[in-house]
Amino acid sequence: MIRVLLVEDHPVVREGLRLLLEQQADLEVVGETGRASDAIALAAELAPDVVLMDIGLGSDDGVPVIESIRSRIPATRVLVLSMFVDGETVRQALLAGAAGYVVKGASADELVAAIRAVAAGGTFLHSAIAGVVLDDGLRWLHAGAPLSPREREVLSLLAGGRSASLIARGLGISTNTVRRHLANTAEKLGIHGSRALSQYARQHGLARPMPEPVRSTSDAS
């Protein structure tokens, strides 16, 4: 029996996943939550074979959750189920220790196969992102430290055509802080110049809509 912990912040999606998995004779849902902090605590308490989790948990980034689970419960495998198919998000999840990555919209058979694969000690990459991993594999393997959540956010807004000043206004941070994030990102990715960074981000599907500007102009990075 493969024991699964569900981590998904949308209750309807989580309920659907539970019903799907409970139809499988070899899968047992031992717990579920929609919060990052609860996910880590439940994983430590239940020691499931597989944690099936979304990479975005409300306002929380799922990457640190993966890292915590892998460091605290090494025997537990993490399988990401996400709507994001951009290269940087997949890279962050894999570097954090995820054993597999499945996109939402995959078939039930694909999801079940992925759970079984990672539970058996293997890895699983959904076909929708396998090409992304292969195309950018060498860069992922040899790049420096992974991008922080804020660096990914700034890069995605740059890809949407925003200037440093507009990004700063929208995020409620200083323009200098935005420029520092972009400089750090450029160094980590081995890319020089805002234009090249923007092109890289667009090629990897990182463009995101600009959030509503915040009222505070303090540096919130």
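Counting only heavy atoms from C-beta outward, the side chains of T33 and L6 never approach each other to under 4.5 Å. Residues P48 and V30 form a side-chain contact, since some pair of their non-hydrogen atoms from C-beta on lies under 4.5 Å apart. Counting heavy atoms from C-beta outward, L5 and V50 have side chains that stay 4.5 Å or more apart. Side-chain atoms of R72 and I40, non-hydrogen and from C-beta on, do get closer than 4.5 Å to each other. Put simply, the side chain of V103 does not reach to within 4.5 Å of the side chain of M83, judged on heavy atoms. V78 places none of its side-chain heavy atoms less than 4.5 Å from the side chain of L52. You'll find the side chain of V154 reaches within 4.5 Å of the side chain of L171, heavy atoms only.
Checking side-chain atoms of R77 against main-chain N and O of A99 turns up no donor-acceptor pair under 3.5 Å. A donor-acceptor pair under 3.5 Å is absent between the side-chain atoms of T123 and the main chain of G100, judged by distance alone. At distances below 3.5 Å, not a single donor-acceptor pair connects side-chain atoms of E22 with backbone N or O atoms of L19. In this structure, the side chain of E8 engages the main chain of H10 through a donor-acceptor pair within 3.5 Å. Using a distance-only test at 3.5 Å, with no hydrogens or angles considered, a donor-acceptor pair links the side chain of S71 to the main chain of E67. With hydrogens and angles disregarded, a donor-acceptor distance shorter than 3.5 Å links the side chain of R70 to the backbone of T76.
Atom CG of L155 and atom OG of S198 lie 8.0 Å apart (nearest 0.5 Å). For the atom pair S194 OG and Q199 CD, the distance stands at 13.0 Å (nearest 0.5 Å). Rounded to the nearest 0.5 Å, atoms CE (M53) and CZ (R14) are 13.0 Å apart. Atom CG of L111 is separated from atom CG of L17 by 6.5 Å, given to the nearest 0.5 angstrom. With rounding to the nearest 0.5 angstrom, the CD atom of E28 is 11.5 Å from the CG atom of L21. Rounding to the nearest 0.5 Å gives a distance of 9.5 Å between CG of L81 and NE2 of H126.
The same ILVMFWY cluster, assembled from side-chain heavy atoms under 4.5 Å apart, contains both I55 and V7. Transitive grouping of hydrophobic side chains (ILVMFWY, heavy atoms separated by less than 4.5 Å) keeps V29 and L46 in distinct clusters. Hydrophobic clustering places I191 together with V178 (ILVMFWY residues linked when any side-chain heavy atoms are closer than 4.5 Å, directly or through intermediates). The cluster map of Ile, Leu, Val, Met, Phe, Trp and Tyr, joined by side-chain heavy atoms under 4.5 Å apart, puts F124 and F84 in different clusters.
The shortest heavy-atom contact between A39 and I69 is O-CD1, 4.4 Å. Across all non-hydrogen atoms, the minimal contact from T175 to A164 is CG2-CB, 4.0 Å.
Exactly one of V63, I66, V51, L94 qualifies for a side-chain contact (heavy atoms from CB on, under 4.5 Å) with V80. That residue is I66. With I167 as the partner, the side-chain contact (heavy atoms from CB on, under 4.5 Å) test is satisfied by one option alone out of H181, R162, R179: R162.
Partners of A36 under the side-chain contact (heavy atoms from CB on, under 4.5 Å) rule, at least two apart in sequence or in another chain, are L57, D60, V65.
Other residues, nucleotides and ligands contribute over 12 non-hydrogen atoms within 6.0 Å of the CZ atom of R18.
Alongside M1, the hydrophobic cluster contains no other residue (criterion: ILVMFWY side chains under 4.5 Å).
Residue pairs meeting the side-chain hydrogen bond (donor to acceptor under 3.5 Å, both in side chains) criterion with at least one member in residues 41-54, sequence neighbours excluded: D54-K104.
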